[in-house]
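Notes follow once the structure below has been shown.
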Amino acid sequence: MVSRRLKGFRDIAAADVLARDRMIVAIRGVYERYGYVPLETPALEYVDCLGKFLPEADQPDGGIFAFKNEDDEWVGLRYDLTAPLSRYVAMNPELPKPFRRYQIGPVWRVEKPGPGRFREFQQCDFDSVGTGSMLADAEACMVMCDTMTALGVSAKDFVVRINDRKVLNGVLESMAGPGEPLPPELASNVLRSIDKLDRVGLDGVKALLGPGRKDESGDFTKGVGLRPAQIDLVLAYLSIKASTRSNVCDELERLVGSSAIGREGVDELRQIDAALNAAGYDDRRVVIEPTVVRGLAYYTGPVFEGVLTFDIVDEEGTKRPFGSVFGGGRYDDLVERFTGQKMPATGSSLGVDRLLAALKAIGKVDATSSTAWVLVTRLDKNLTAHYQAIASELRGSGVNTELYVGTQGIGKQFKYAGDSGKIVAIVVGEDEIKSESVSIKDLRLGVELSKEIGADRKKWLEQQPAQFSAPRSQLTEAVKKVLLRYTR
RNA sequence: GCCGACGUAGCUCAGUUGGCUAGAGCGCCUGCCUGUGGAGCAGGAUGUCGCUGGUUCGAGUCCAGCCGUCGGUACCA
């Protein structure tokens, strides 16, 4: 058998699992602070409940992992947590509305994997179903801000950017002109081009909207083929820069002109602005950003994304922006697909894996891979009963403790303790038994001091500066004192 | 999905125009040191040269296909 692993899937070692778990605890804490309740749904769904199905081909859309079950029905791994939520709400009409749930779990997508992009990854979603109030959308922005704060990201490193699909539609409408509606296919191509702004720049978008664009590798992307006047309108829209949310709304209002849908969108943004102001989330933390489009599928109103604003330096030394970790918006038609009844909903999703990668890049996560802080060594294997007693005592007082169950000598045991991330090693031999004491070694202090060992190892061994003796009766107190040096 | 680059010890990489038993640094392991990891010294193992086939007297080196990684592009619910 050859050991191999599916492309885009990964093994996640202790340090990352532990770091991610700590993050999730913080994230749940924020979601629950706002009153969202947890929900779990299956990994597998009928493919038609996932939203994507190619009826003419009688098989699922590429992009989802799918197979036929024993009854010859197409089932697939969920690719997000929103479609299952819609299905759940449709199946449980008695739920009190608004229904506000959060869900944390893996999703699967057949996509080209890249750095920080996988085919299996964790999402942390929170949504409000059953209200069309902009209060819910404004709250989503607040939750995003609070979550990042709880994860130790300072306000200057994170910003929520919002926009409204109705505004975009308004622009498209006024672009088409009276009696000449924009074909839906064309409209979605325009949105797709706008979505590429941060990658290709304003000139790139201009080219994409017109004849097409050739990138540096010589690849040519076919353009949308708009008329120059139409392109200018889109560019004017994208170029809106304003100091405050309300100023942006004024600009947008001017641009959408007489479009009813556009005006409605601006009004929604104004309501969100008002709610945010009342709750104390100012113009620096949540900005209205006309260039935000987001996954073109089912969003019907406000869309938002949470963006890390710092650059990370990759291994080549190249700076690159980290980009969006939170994404969401309003999807008023999704539940209706199941029930036929109007059921407005809005919410947002956090990509924990991406965020973890970002926090690692700025050194905001400690990379410990151990769960025990103390190793009880076995100097004299005949004294194992004593060692077990010591380990039990420490565990009983809440100190995570590992008893060395290997077979090697004391030197190797210290190396193991250090390599496996322990903070303290306990040594007891005949001497300690006689004097009713324990020897406690601060492994990290040892590492520090060892930088100055020099050539005189003999002296080092005699002095053992990182080690001290404590009465056996004060074992726990002494150990805890050392642990406190490293605040965990 | 499409285009391109790359693929040699665990890691970072050398490896001449095809030519003897494939190298360095770091890391790892062992000993000096059977009550002490981190210093020093001495030693040791690193490996299907991505895989498969082809050209050749001979392939890490040349050719083809495949796999993988990276970059660009498309898609991204």
Side-chain angles (χ1 to χ4, degrees), chain A residues 2 4-8 47 49-53 60-64 76 78-84 86 107-115 117 119 121 123 188-189 192-193 195-196 199-200 204 208 212-222 293-299 314-316 318 320 324 327 329 331 334 337 349 351 375 377-381 383 404 408-420 422 425-433 439-467:
Chain A
V2 188
R4 52 206 191 117
R5 193 203 309 116
L6 257 45
K7 186 214 299 266
V47 141
C49 291
L50 290 175
K52 272 274 177 110
F53 200 71
D61 182 34
I64 79 170
R78 64 184 182 209
Y79 57 77
D80 70 9
L81 300 174
T82 311
S86 302
V107 301
W108 295 266
R109 296 181 186 181
V110 184
E111 281 177 354
K112 181 187 165 185
R117 265 193 106 149
R119 291 182 159 191
F121 56 98
Q123 290 201 321
S188 114
N189 282 340
R192 211 168 305 174
S193 305
D195 201 27
K196 289 176 188 153
R199 252 185 309 147
V200 303
L208 283 171
R213 170 176 180 270
K214 194 189 290 184
D215 63 52
E216 56 267 29
S217 76
D219 241 27
F220 183 75
T221 309
K222 199 171 176 299
V293 178
R294 297 221 55 86
L296 315 140
Y298 47 57
Y299 292 128
D314 63 21
E315 52 291 347
E316 303 302 316
T318 320
R320 45 187 64 196
S324 149
Y331 48 100
L334 203 54
R337 290 189 199 171
S349 177
L375 182 77
T377 62
R378 288 166 64 220
L379 206 216
D380 180 347
K381 308 285 194 288
L383 297 176
Y404 181 74
Q408 296 204 278
I410 190 70
K412 288 293 171 50
Q413 295 185 38
F414 282 120
K415 184 166 165 43
Y416 171 77
D419 289 348
S420 65
K422 307 293 188 294
I426 308 278
V427 188
V428 173
E430 283 180 19
D431 297 350
E432 284 84 354
I433 298 273
S439 292
I440 295 171
K441 182 166 181 145
D442 180 336
L443 293 159
R444 295 190 182 178
L445 181 61
V447 170
E448 276 311 301
L449 296 176
S450 71
K451 287 170 183 163
E452 298 144 29
I453 286 185
D456 197 351
R457 184 180 153 87
K458 224 168 239 166
K459 193 169 146 201
W460 167 266
L461 286 180
E462 280 162 16
Q463 294 186 341
Q464 279 303 340
Q467 192 170 314

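Protein chains get the first letters and strands the later ones, always in sequence-line order, with residue 1 at the start of each.
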[X] has a side chain; which of [options] sits nearest to it?
X	options	answer
A/E432	B/A77, B/G35, B/G38	B/G35
A/I410	B/A74, B/G38, B/G35	B/G35
A/R192	B/G35, B/C76, B/A77	B/C76
A/K112	B/A74, B/G37, B/A77	B/A74
A/V447	B/G38, B/C76, B/A77	B/G38

Review point. In dot-bracket, 5' to 3', how would RNA chain B read with Watson-Crick or G-U wobble pairs under 3.5 Å, [ ] for crossing ones and | for pairs to another strand?
Key: (((((((..((((.....[...)))).(((((.......))))).....(((((..]....))))))))))))....
Review point. If only side-chain N and O atoms of A/T221 are considered, is one of them under 4.0 Å from the OP1 or OP2 phosphate oxygen of B/U73?
Key: no
Over how many whole Å does the gap from [X] atom [atom1] to [N] atom [atom2] extend?
X	N	atom1	atom2	result
A/L449	B/G37	CG	P	15 Å
A/Q413	B/G38	CD	P	15 Å
A/R199	B/C76	CZ	P	11 Å

Practice item. Name all residues meeting the side chain to side chain contact (heavy atoms under 4.5 Å, CB included) criterion together with A/V447; count only those two or more places apart in sequence or in a different chain, and write none if there are none. Key: none
Point to revise | Residue list, side chain to side chain contact (heavy atoms under 4.5 Å, CB included) with A/K459, at least two apart or on another chain | key: A/D456, A/Q463
Using a 4.0 Å heavy-atom cut-off across all strands, classify [X] as base, sugar-phosphate, or nothing.
X	value
A/Q467	base
A/E448	nothing
A/R117	base
A/G63	base
A/K196	sugar-phosphate
A/L443	base

**Study point:** Nearest-angstrom distance, P atom, B/C49 to B/G7
**Key:** 15 Å
Point to revise | salt bridge (Lys or Arg N to Asp or Glu O under 4.0 Å) partners for A/D419, two or more places apart | key: A/K415
Could you go over nucleotides 29-32 of chain B and give all protein N or O partners under 3.5 Å, atom names and distances?
{"unit_1": "B/U30", "atom_1": "OP1", "unit_2": "A/K412", "atom_2": "NZ", "d": "2.4"}
{"unit_1": "B/U30", "atom_1": "OP2", "unit_2": "A/K412", "atom_2": "NZ", "d": "3.2"}

**Study point:** Any residue meeting ring pair (Phe, Tyr, Trp, His ring centres under 6.0 Å) with A/Y299, in chain and number order, not counting sequence neighbours
**Key:** none
